[in-house]
Novice: 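Structure incoming, see below.
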Amino acid sequence: MWEESVGVPCVIDCPLGPALLFVKTSQGKEEGRRFYACSACRDRKDCNFFQWEDEKVSETRLAAREEYNRNHQPPFTHRQNVERYKNFVLLPLSKKVLEFHQWLLPAEWEKHSDHQFLCDISSAQLKSPSQLLYPLENKKTNAQYLFADRSCQFLLDLITGLGFRRVLSVGTPRLHEMIQSKASQEDFRVRSLLLDIDFRYSQFYTEDEFCHYNMFNHYFFGGEAARETCRKFLYQDSGERVIMVTDPPFGGLVEALASSFKKLMAMWKDTEKEGHNNQEMPVFWIFPYFFESRILEFFPSFSMMDYQVDYDNHALYKHGKTGRRQSPVRIFTNLTPSMIVLPVEEGYRFCTICQRYVSSGNQHCEICNSCTSKDGRRWKHCVLCKKCVKPSWFHCKNCNCCALQNHTCEKTDAVCFVCGKAGHKRSTCPSLSHTRTACQADKKERQKTLKRVKMGICKRSAMKHAVFSRKKVKNKKKKT
Ligand code: SAH
Ligand code: ZN
Ligand code: ZN
Ligand code: ZN
Ligand code: ZN
């Protein structure tokens, strides 16, 4: 049984805005049953919203749902938080207290005396909320993976080098705060607006600097006023060029994200005064390389850069392995690839034929006429597959394609779950659209590999884990 997003936000609300339509499919059935669920929380524990598409909902359940939504609102509004912050910064150091997620003003201390606090919060710390706030790591959906300094600085230099003066930071609080803290110094003219689902940022930023936003259903929690703030920000007066930078959670649904980003891009286009000459709003979408085909499906004008985006563990966590690990995370952009200059001191070089910077291990293949490596390692060309493949793969005559040496051949006598014919498995069923198959591959990889890579566990052990759990699944199937 697996679930897929149909990608349409509907009119039914959960605390995180309009719910999304999903489809539950079980083996052997073409048509799945459709249902609405929270757009942002994959885990029913975090948001219990669930409704079959064809289900009639009773008055009592509607009332209960409204109550649930009311009870799941933040304790203060953005406006109130801004006011509280003004009072907070005036307090002497010893009285600057943060309780997990929220400022405590002296009058509130008593009430919260049995909770954990962080005291003596310095002004430097106040400028770095992403480090100060307790990470929402426990929640699958809100997982916060912060850019390593090197990567964040690289992104900012790249953005300013390209002449952008405004950054729409969608789910990139670290980049936002780097821009904010530089903007308080002289001679730095870049501005940033943060759109993020983490409402705690409203305790640090005004309504002109932060909008509480859900990028899975393009929902502005602050309503029309917040939408207007965003629209104004995108409006390029005096030639201040805008770029959108986004780093969504990888467990996210690509189609839902793409649909929201298209709406933000349309918002930019609508502000057109000088005429964008049919251009698109420049975008950096930061995402793992194995989502390439999915992203290009929605944004054919995008291409993937070789730059490996690195992450830090949160300050509250111990650092994992030292030394550089290979990050699978890349930048997807609609800007001309040759303009994206990658650091030569990190081994990137310019391929004059491909007209883009590539990683040091990425060799130009004469047959494919392209630098074909996706993961930074040197790939090899397979004449039978007519394409370059991972260095660890070999051509399997059974499967008629390249695969890992110890793979289980796809050609089996068993029948396919989807079409019922013999000779292949569900994953390679010709009756399935490319999209769907890719999506399943995405799911497997992202669940098994990514979290661990981002958490600082090296890729090889993550891969082992992936193989291991896949085997486990297979054994289970045999038994049943
Ligand atoms: N690397 C980035 C952080 C990426 S982590 C940086 O260092 O700036 C993903 C971010 O997306 C987090 O800030 C998280 O709060 C935000 N996020 C998660 N789900 C979201 C959603 N549904 N809508 C908007 N933002 C979301
Ligand atoms: Zn090349
Ligand atoms: Zn090749
Ligand atoms: Zn091959
Ligand atoms: Zn095989």
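Counting starts at 1 for both ligands and their atoms, in listed order.
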Novice: Between R34 and D54, does any NZ, NE, NH1 or NH2 come within less than 4.0 Å of an OD or OE carboxylate oxygen?
Specialist: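 Salt bridge absent between D54 and R34.
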Novice: Which one of F250, F261, F298 satisfies the ring pair (Phe, Tyr, Trp, His ring centres under 6.0 Å) criterion with W285?
Specialist: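 Per the ring pair (Phe, Tyr, Trp, His ring centres under 6.0 Å) rule, the option paired with W285 is F261, out of F250, F261, F298.
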Novice: With the Zn ion (ligand 5) at the centre, find the angle made by NE2 from H407 and SG from C409, to 10°.
Specialist: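 Reported to 10°, the angle equals 110°.
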Novice: Between D196 and Y205, does a side-chain hydrogen bond (donor to acceptor under 3.5 Å, both in side chains) hold up when you go through it step by step?
Specialist: CA-CA 12 Å; D196 202 287; Y205 303 124; over 6 Å; no
Novice: Please determine if R191 forms a cation-pi arrangement with F233, meaning its NZ or CZ atom is less than 6.0 Å from the six-membered ring centre and no more than 45° off the ring axis.
Specialist: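 No; the conditions do not both hold, so R191 does not lie above the ring face of F233.
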Novice: Measuring from the Zn ion (ligand 3), name the closest N, O or S atom belonging to H381.
Specialist: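 Result for H381 and the Zn ion (ligand 3): ND1.
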Novice: Out of R356, R330, R349, R377, which residue meets the salt bridge (charged side-chain N to carboxylate O under 4.0 Å, His left out) rule with D306?
Specialist: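 The residue from R356, R330, R349, R377 that satisfies salt bridge (charged side-chain N to carboxylate O under 4.0 Å, His left out) with D306 turns out to be R356.
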Novice: Quick one: SG on C152 to CD1 on I179, what's the gap to the nearest 0.5 Å?
Specialist: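 One gets 8.0 Å once the value is rounded to the nearest 0.5 Å.
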Novice: Could you tell me whether Y311 and F147 have their ring centroids closer than 6.0 angstrom?
Specialist: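 For Y311 and F147, the ring centres are under 6.0 Å apart.
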Novice: What protein N/O/S atoms are found closer than 2.8 Å to the Zn ion (ligand 4)?
Specialist: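 Listed by chain and number: C382 SG, C385 SG, H395 ND1, C402 SG.
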